[in-house]
Amino acid sequence: MEKNYQVVFTGKSQVELQECPIPELAPDLVLVKTLVSQISTGTELTMLEANVEPGSPWAESIKYPIYPGYSNVGEVVAVGEDMDPALIGKRVLTLGKHAKYVLACPDGPNFSLVPDEVDSDDAVFGVIAQITLASIRCAQIRPGETAVVFGAGLIGQLVARLAKIAGALNVIVADVSDYRLSMVPKDSVFTTINTAGLDVSQITEFIEANNDGRLADIVFETTGFQGLLETETKCVANNGKIIVTSSPKGKSLVDFDLCNRKGITFLCAHNTAMHTNLATNLDRWTRKADSEYFMQLVKKDLITVNNMITHRESYENAVEMYKMLMEDRTKALAVHLNWED
């Protein structure tokens with residue numbers, strides 16, 4: 001009988017690949033055999049390393065053991081008695097963990113069929129894309145505006161690409177890693193800046209020099225580093241917006257007098273808060289709808305994400321992948337675990 005394996009965080013900075021039972025079906029669920037899962041180098045590493053401020057929402061949520069993973073593409077191999085048997089053999093995107101076999105609910109908010117034309121390694125970006133699209137939608141980018149994206153990790157890379165699709169004419173991406181900045185598309189819309197060692201005046205001067213003397217209409221915070229918000233508020237033009245896409249690991253210092261005088265709007269755009277739970281005529285963009293929209297962008301060659309995959313490894317090497325990320329994640333964007341034997 002085939003075995004099931006799952007990644008488990010057993011304690012701070014401790015990772016194991018454990019053998020576990022294949023989950024039992026319920027009438028309203030399907031059993032999915034994982035093809036590929038994507039490691040979230042932000043959320044998962046935060047929970048693994050627990051490098052958060054005591055008493056913060058992060059600290060309250062970190063309780064071991066943790067079963068990580070929320071970006072999973074697999075094949076339906078069995079269905080509950082209330083489910084359509086035609087689902088068997090279909091590839092699906094779900095919030096499944098890093099495990100060979102996972103359960104999923106076809107009627108839930110995060111279950112999407114993967115189009116035949118979309119590769120599994122591309123489709124698995126659909127959950128991260130859903131998170132970033134929540135920020136893009138609430139930013140309400142107008143054609144011709146300039147966006148500055150702080151952070152060129154996986155979230156920042158997708159925010160930058162989707163900001164262009166939404167109508168931004170200039171997208172400036174800031175990071176402290178030349179490697180991550182090198183992954184930004186070579187396109188006249190995009191400009192990059194390595195902010196390591198730069199003070200805020202040098203950063204704002206760069207933005208103005210690359211934006212006809214103006215600061216940004218919209219700034220996206222994707223790093224999770226709470227200390228950056230003070231800098232980011234000084235990069236926004238009058239009546240501009242700051243979109244907090246990340247989940248900062250501690251308390252942030254913000255000069256609200258400066259924000260008040262400049263008319264800056266803060267929008268905190270956590271995925272679960274921004275997406276509607278039920279599609280309506282006024283707002284049909286649920287989490288499921290945005291994942292499916294992203295896969296259509298891939299299908300129509302309007303966005304390319306495959307080049308962001310820096311590591312493809314067998315699930316048997318999962319522990320080594322997490323150790324690598326804890327040591328130095330500056331050379332990693334999308335890290336994929338292959339669960340096919």
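These figures come from a predicted structure and were not determined experimentally.
Relative orientation of the F9 and Y322 rings is perpendicular, given thresholds of 30° and 60° on the angle between their planes.
One finds a salt bridge joining K288 and E292 here, because a Lys/Arg side-chain nitrogen approaches an Asp/Glu carboxylate oxygen to under 4.0 Å. Ion pairing of R137 with D290 is present here, as a side-chain N (NZ or NE/NH1/NH2) and a carboxylate O approach within less than 4.0 Å. Salt-bridge check for E2 with K33: passed, with a basic side-chain N closer than 4.0 Å to an acidic carboxylate O.
Atom NZ of K300 has 12 or fewer heavy atoms from other residues, nucleotides or ligands within 6.0 Å. Within 6.0 Å of atom NZ in K90, 12 or fewer heavy atoms from other residues, nucleotides or ligands are found, so the atom counts as exposed in its surroundings. Counting heavy atoms of neighbouring residues, nucleotides and ligands inside a 6.0 Å radius, atom CD of E19 exceeds 12 of them. More than 12 heavy atoms of other shown residues, nucleotides or ligands fall within 6.0 angstrom of atom CZ in R312.
The ring of H336 has its center no closer than 6.0 angstrom to the ring center of Y315. The distance between the ring centers of W339 and Y5 does not fall below 6.0 angstrom.
A donor-acceptor contact closer than 3.5 angstrom is absent between the side chains of T330 and S177.
By the 6.0 Å and 45° rule, K97 does not stack over the aromatic ring of Y67.
Proximity of a side-chain donor or acceptor of T223 to a complementary backbone N or O of F225 within less than 3.5 Å is detected.
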